[in-house]
Engineer: 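Let me begin by handing over the structure; questions about it come next.
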Amino acid sequence: MADKKRVFSGIQPTGGFTLGNYLGAVRNWGVLQDEYKCLYCVVDLHSLTVRNDPEVLKKQIREAYAMLLASGVDPQRSIVFVQSHVAQHAELSWLLSCYTQFGELSRMTQFKDKSQKHPENINAGLFTYPVLMAADILLYDADLVPIGADQKQHLELTRDIAIRFNGVYGDTFVIPEGYFPKVAARVMSLQQPSDKMSKSDPNENARIMMKDSSEAIVKKFKRAVTDSDSRIVFSDDKPGISNLISIYSAVTGKTTVEVEAEFDGKGYGAFKTAVGEAVADILAPIRTEYDRLLADTAYLDKCMADGAAQAAEIAAGTLLRVQKKLGIR
Ligand code: TYM
């Protein structure tokens, strides 16, 4: 552990994972395990900014955990845990909130979007959400944070908070870097390609869920919104087709140029079917493994408990370091 660089990332458990979650982040989590000491977290506290049914949430936390393992995160090599099982996250979040400005949080686009969409519940947790995310990352001295493009602004704020704190108290936190996939860092909605693919999209056809059947996946891609002409080229004025090219490129490993050549002269129909089948093929084995893991209650319980114990040991050390700097220990 000592000399390997650290990786940290998190994912919300509510609503299942989309293809965007997978291609933008989770797929990289497995890949990074060879080279880094990785910590991966189901961030259930972050999910409390919206109202959840407690029984449903409890189930979703286990499902999210099982889906991470099924997607290639290995609990023998990485520390995989549930955020609320490690109390230090909430505590460091408070300390960091005193080093975060109201103006900075007000500028967060995710906060602005979410408060616009849900004016009935703009709670303080929604506002301070990025501070908890900063605490998640800084608690583990993470060097690298594999995320999709939509979390970039939050990571930049994390860096600003850490640099500010270090400036006042001397070296305390490692300054983390973002790690983004080369393609599909921002998977877009299949129905409204100007918006990101989101699990909360009311239109089911707009998103591919990792739990969708292969038939449903192919069907949703066939219905995907495309652009007015029928050329399969990657370009800013063709957001629908460009999104599909990125997805196909991400799942096949082919470059954008290779994808354009492969489908040159072929129609949108053939292309959409090919993308759907390629995505269905990579998600099918993950779904089988997910079902198997979810049924193995004792194994999941043990992994969660072990992960939390290992994470808590590191987190306790960091928190004490911070408390000492602040003069509260
Ligand atoms: P969350 O749960 O919304 O998403 C988990 C990861 O999936 C990525 N992602 C996408 N990537 C590409 N295209 C998309 N359409 C797409 N949708 C989601 C996200 O960028 C993210 O990497 N605040 C975070 C969770 C979090 C976290 C952390 C992440 C809490 N603490 C510490 C990293 C480090 C969130 O809500 O992600």
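Residue numbers count from 1 along this sequence. Order of appearance sets the numbers: ligands from 1, and atoms from 1 within every ligand.
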Engineer: Output all residues satisfying side chain to side chain donor-acceptor pair (under 3.5 Å) with D74, sequence neighbours left out; order by chain, then residue number.
Structural biologist: R77

Engineer: Looking at atom 11 (N) of ligand 1, what's its closest protein heavy atom, distance included?
Structural biologist: G20 O, 3.1 Å

Engineer: Could you check whether K5 pairs with D141 (Lys NZ or Arg NE/NH1/NH2 to Asp/Glu carboxylate O, under 4.0 Å)?
Structural biologist: no

Engineer: Could you tell me whether K302 and D306 make a salt bridge, using a distance below 4.0 angstrom between a side-chain N and a carboxylate O?
Structural biologist: yes

Engineer: Pick one of side chain, backbone, both or neither for how I137 approaches ligand 1, counting any non-hydrogen atom pair under 4.0 Å.
Structural biologist: side chain

Engineer: Does I11 approach ligand 1 within less than 4.0 angstrom via side chain, backbone, both or neither, non-hydrogen atoms only?
Structural biologist: both

Engineer: Of the listed options (T18, D150, V43), which comes nearest to atom 19 (C) of ligand 1 when hydrogens are ignored and any heavy atom counts?
Structural biologist: D150

Engineer: For atom 37 (O) of ligand 1, what is the closest protein heavy atom, and at what distance to 0.1 Å?
Structural biologist: Q151 NE2, 3.9 Å

Engineer: Considering only non-hydrogen protein atoms, determine which one is nearest to atom 31 (N) of ligand 1 and report residue, atom name and distance to 0.1 Å.
Structural biologist: D136 OD2, 2.6 Å

Engineer: Determine whether the side chain, the backbone, both or neither of I147 has a heavy atom under 4.0 Å from any heavy atom of ligand 1.
Structural biologist: both

Engineer: What closest approach, in Å, do G307 and I79 show between heavy atoms, and which atom pair accounts for it?
Structural biologist: O-CG2, 3.4 Å

Engineer: Provide, to 0.1 Å, the distance between atom 35 (C) of ligand 1 and the closest protein heavy atom, together with that atom's residue and name.
Structural biologist: Y129 OH, 3.4 Å

Engineer: Considering non-hydrogen atoms of the protein only, which is the closest contact for atom 25 (C) of ligand 1, and what is the distance?
Structural biologist: G10 O, 3.6 Å

Engineer: Should you measure from each heavy atom of F8, which atoms of ligand 1 turn up under 4.0 Å away?
Structural biologist: 32 (C), 34 (C)

Engineer: Quick one: does ligand 1 sit under 4.0 Å from the side chain of R186, the backbone, both or neither, non-hydrogen atoms only?
Structural biologist: backbone

Engineer: Would the number of heavy atoms belonging to other residues, nucleotides or ligands and lying under 6.0 Å from CD of E313 be above 12?
Structural biologist: no

Engineer: Note the single closest protein heavy atom to atom 18 (C) of ligand 1, along with its residue, its atom name and the distance in Å.
Structural biologist: N21 ND2, 3.1 Å

Engineer: Is S198 touching ligand 1 with its side chain, its backbone, both, or neither, if touching means heavy atoms under 4.0 Å apart?
Structural biologist: neither

Engineer: Using a 4.0 Å heavy-atom threshold (strictly under), name the region of V145 that reaches ligand 1: side chain, backbone, both or neither.
Structural biologist: side chain

Engineer: So, do Y40 and F8 have ring centers that fall under 6.0 Å from each other?
Structural biologist: no

Engineer: When you measure from atom 28 (C) of ligand 1 to every protein heavy atom, which one gives the shortest distance, and what is it?
Structural biologist: M133 CG, 3.4 Å

Engineer: Pick one of side chain, backbone, both or neither for how H46 approaches ligand 1, counting any non-hydrogen atom pair under 4.0 Å.
Structural biologist: side chain

Engineer: Return yes if a side-chain donor-acceptor contact under 3.5 Å exists between T14 and Q60, otherwise no.
Structural biologist: no

Engineer: Counting each atom of ligand 1 from 1 as listed, which ones have a heavy atom of Q12 under 4.0 Å away?
Structural biologist: 2 (O), 36 (O)

Engineer: Under a 4.0 Å N-O cut-off, is there an ion pair linking E260 with K254?
Structural biologist: no

Engineer: Go through the steps for F173 and V322 under the test side chain to side chain contact (heavy atoms under 4.5 Å, CB included), then give the verdict.
Structural biologist: CA-CA 9 Å; F173 295 120; V322 177; 3.6 Å; yes

Engineer: Can a salt bridge be assigned to the pair R292 and E289 using a cut-off of 4.0 Å between side-chain N and carboxylate O?
Structural biologist: yes

Engineer: Does the distance from a Lys or Arg side-chain N to an Asp or Glu carboxylate O, for R62 and D301, drop under 4.0 Å?
Structural biologist: yes

Engineer: Just need the protein heavy atom nearest to atom 13 (N) of ligand 1, so name the residue and atom and give the distance.
Structural biologist: V187 N, 2.8 Å

Engineer: Heavy-atom contacts with A25 under 4.0 Å: which atoms of ligand 1 show up? List them by number with element.
Structural biologist: 6 (C), 7 (O), 22 (O)

Engineer: Which atoms of ligand 1 sit under 4.0 Å from any heavy atom of A185?
Structural biologist: 11 (N), 12 (C), 13 (N)

Engineer: For ring pair (Phe, Tyr, Trp, His ring centres under 6.0 Å), just list the numbers for H89 and F81, CA-CA rounded to whole Å, side-chain angles, deciding distance to a tenth of an Å, and then say yes or no.
Structural biologist: CA-CA 12 Å; H89 289 246; F81 67 104; 5.7 Å; yes

Engineer: Taking 4.0 angstrom as the limit, do D201 and R207 come out as a salt bridge?
Structural biologist: no

Engineer: Show which atoms of ligand 1 fall inside a sub-4.0 Å distance from at least one heavy-atom site of G24.
Structural biologist: 11 (N), 12 (C)

